[in-house]
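One structure is given below, encoded as structure tokens.
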Number of protein chains: 2
Amino acid sequence: MRADATKNREHLLAVAGAVITEQGVDASLRDIARRADVGLATLFRHFPTREALLECLLHARFDEMAARADELEASSSPADALVSWLHEFLSYTHSYHGVVASMMAAIQDPQSALHASCVTMRAAGTRLLTRAQSAGAVRTDIDGTDLFALAGSLAWLGDQPSMAPRVDHLVSIVVEALLTTSAKPAAGPSNPGS
Amino acid sequence: MRADATKNREHLLAVAGAVITEQGVDASLRDIARRADVGLATLFRHFPTREALLECLLHARFDEMAARADELEASSSPADALVSWLHEFLSYTHSYHGVVASMMAAIQDPQSALHASCVTMRAAGTRLLTRAQSAGAVRTDIDGTDLFALAGSLAWLGDQPSMAPRVDHLVSIVVEALLTTSAKPAAGPSNPGS
DNA sequence: ACCTGAACACCGTTCAAGT
DNA sequence: ACCTGAACACCGTTCAAGT
């Protein structure tokens, strides 16, 4: 790649990151090119689709999230690791308005530039989920895609200004529904002590 | 209103209903006017905003949903009424792709043409929720807006083609989290038979 | 009183023409 | 090899001009 091309590409990514953080994933591509002082067609050749641009922006953080799952797997209890990771997923997606819709579309479209990253993300969550299920900490009637769906729907809720303040509360209710240890300790003492 | 105006208005509503059912709430208004064989400006004067058009399309069904809540209140147990109503809410919103996002925005914007209808809808759900809570059938740490949020997030999930098949399962999990009677019968024999 | 075509400022996408 | 301006077909919104 020619030197000016690399420079354009990097500058475009920086500007796109700022604009999308500010306006969401449906921000005007024309506006991004304009702010980057670059021809619109230049943006399109570097990133042939909006999703290709998104992928370059998100790739690093997606990998971090996968690595974070490994860390949590080593350092926390199965249930805590899963719950912590879910919270980090939510706070991350919250910084790019509308990104969950793109992720939901990409996860089942192998043609999408975002596909691989989403599969990686789902795999990381699935790892934590199955570990928690093996430990008997989480109900076994859901799989990694169900977890992905629940996380996505809660993330979407966080994108709605009217509902954002209540998301933490609703997350705790959904988490409680997943954990088998929430056996209503007050209700019945099935096996309380050792 | 002049006779031709009424005719235009009704024809526009019929066409808009068809197009939006087909393409979702973000369908092109220009396309709707075109299919209705009417000038674009005519559509704009009858319905000054997209939400005003949506409101006219949804109003009747919103009222039906509120009436349906009353019926269920009279005919079913508190828990069954709430769960049935939630399912009807989901199957209804499913027929207008993207409508839940509009509802979430409208519920806290009194300026929105959709505001009143959404408040009515939330009130209907709240009625069933508080009845179930009074009967001790549903957890008391959520209110009508939480219910609206959960219903909305599940409806959004149903709009995502990749996740639609799993929504029923996830709904049942969320419902179980709301009901206080879901004391995990398989886990511990607290009170199995009579 | 109501309708309409045209204008305006946007958008994503493509491509011939430049260097 | 890379960039760009201009063209194209869209979009929502507005308004002067028609009947």
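First the proteins, then the strands, lettered A, B, ... as listed; each starts at 1.
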* **Pairwise ring pair (Phe, Tyr, Trp, His ring centres under 6.0 Å) hits with a residue in residues 149-168 of chain B, at least two apart** => A/Trp156-B/Trp156
Under 3.5 Å, which donor-acceptor pairs link side chains of residues 92-114 of chain A to any protein atom two or more places apart or in another chain?
residue	atom	partner	partner atom	Å
A/Thr93	OG1	A/Phe89	O	3.0
A/Thr93	OG1	A/Leu90	O	3.2
A/His94	ND1	A/Gly158	O	3.4
A/Ser95	OG	A/Tyr92	O	2.7
A/Asp109	OD1	A/Gln111	N	3.0
A/Ser112	OG	A/Glu51	OE1	2.7
A/Ser112	OG	A/Leu114	N	3.0

* **Donor-acceptor contact present, side-chain A/Arg131 to main-chain A/Glu73, <3.5 Å** => yes
* To do: Kindly say whether B/Ala81 contributes a backbone atom to a donor-acceptor pair with the side chain of B/Ser84 at under 3.5 angstrom?
  => no
* Rounding to a whole Å, what distance do you find between A/Asp26:CG and D/dC11:C1'? -> 15 Å
* Rounding to a whole Å, what distance do you find between B/Asp31:CG and D/dC10:C1'? -> 11 Å
* Distance in angstrom units between A/Leu43 CG and C/dT14 C1', rounded -> 14 Å
* Main-chain N/O of B/Ala177 paired to B/Arg139 side chain as donor or acceptor, under 3.5 Å -> yes
* Asked: Pairs counted as Watson-Crick or G-U wobble with both distances under 3.5 Å: what dot-bracket string results for DNA chain C, using | for bases tied to another strand?
  -> ||.|||||...|||||.||
* Asked: Could you write nucleotides 1-6 of chain C as a row of B, S and -, 5' to 3', where a protein heavy atom under 4.0 Å of any base atom gives B, of only sugar-phosphate atoms gives S, and otherwise -?
  -> BSBBB-
* To do: Name every residue in residues 96-118 of chain B that has at least one heavy atom under 4.0 Å from any atom of DNA chain C, in order of residue number, or write none if there are no such residues.
  => none
* If you round to the nearest 0.5 Å, how far is OG1 of B/Thr120 from CE of B/Met65? -> 12.0 Å
* To do: Let me know which of A/Leu179, A/Leu72, A/Val138 forms a side-chain contact (heavy atoms from CB on, under 4.5 Å) with A/Leu82.
  => A/Val138
* CZ of B/Phe44 versus P of D/dA16: gap in Å, rounded? -> 17 Å
* Short side-chain to backbone donor-acceptor contact, B/His169 and A/Asp141, under 3.5 Å -> yes
* Closest approach of A/Leu157 to B/Ala149 (non-hydrogen atoms, all atoms of both residues) -> CD1-O, 3.5 Å
* To do: Keeping the roles fixed (side chain from B/Asp146, backbone from B/Asp143), state whether a donor-acceptor pair exists under 3.5 Å.
  => yes
* What is the distance, rounded to the nearest whole Å, between atom CD1 of B/Ile32 and atom C1' of D/dC10? -> 15 Å
Under 3.5 Å donor-acceptor pairs involving side-chain atoms of residues 23-38 of chain A, not counting sequence neighbours:
residue	atom	partner	partner atom	Å
A/Ser28	OG	A/Arg30	N	3.2
A/Ser28	OG	A/Asp31	N	2.9

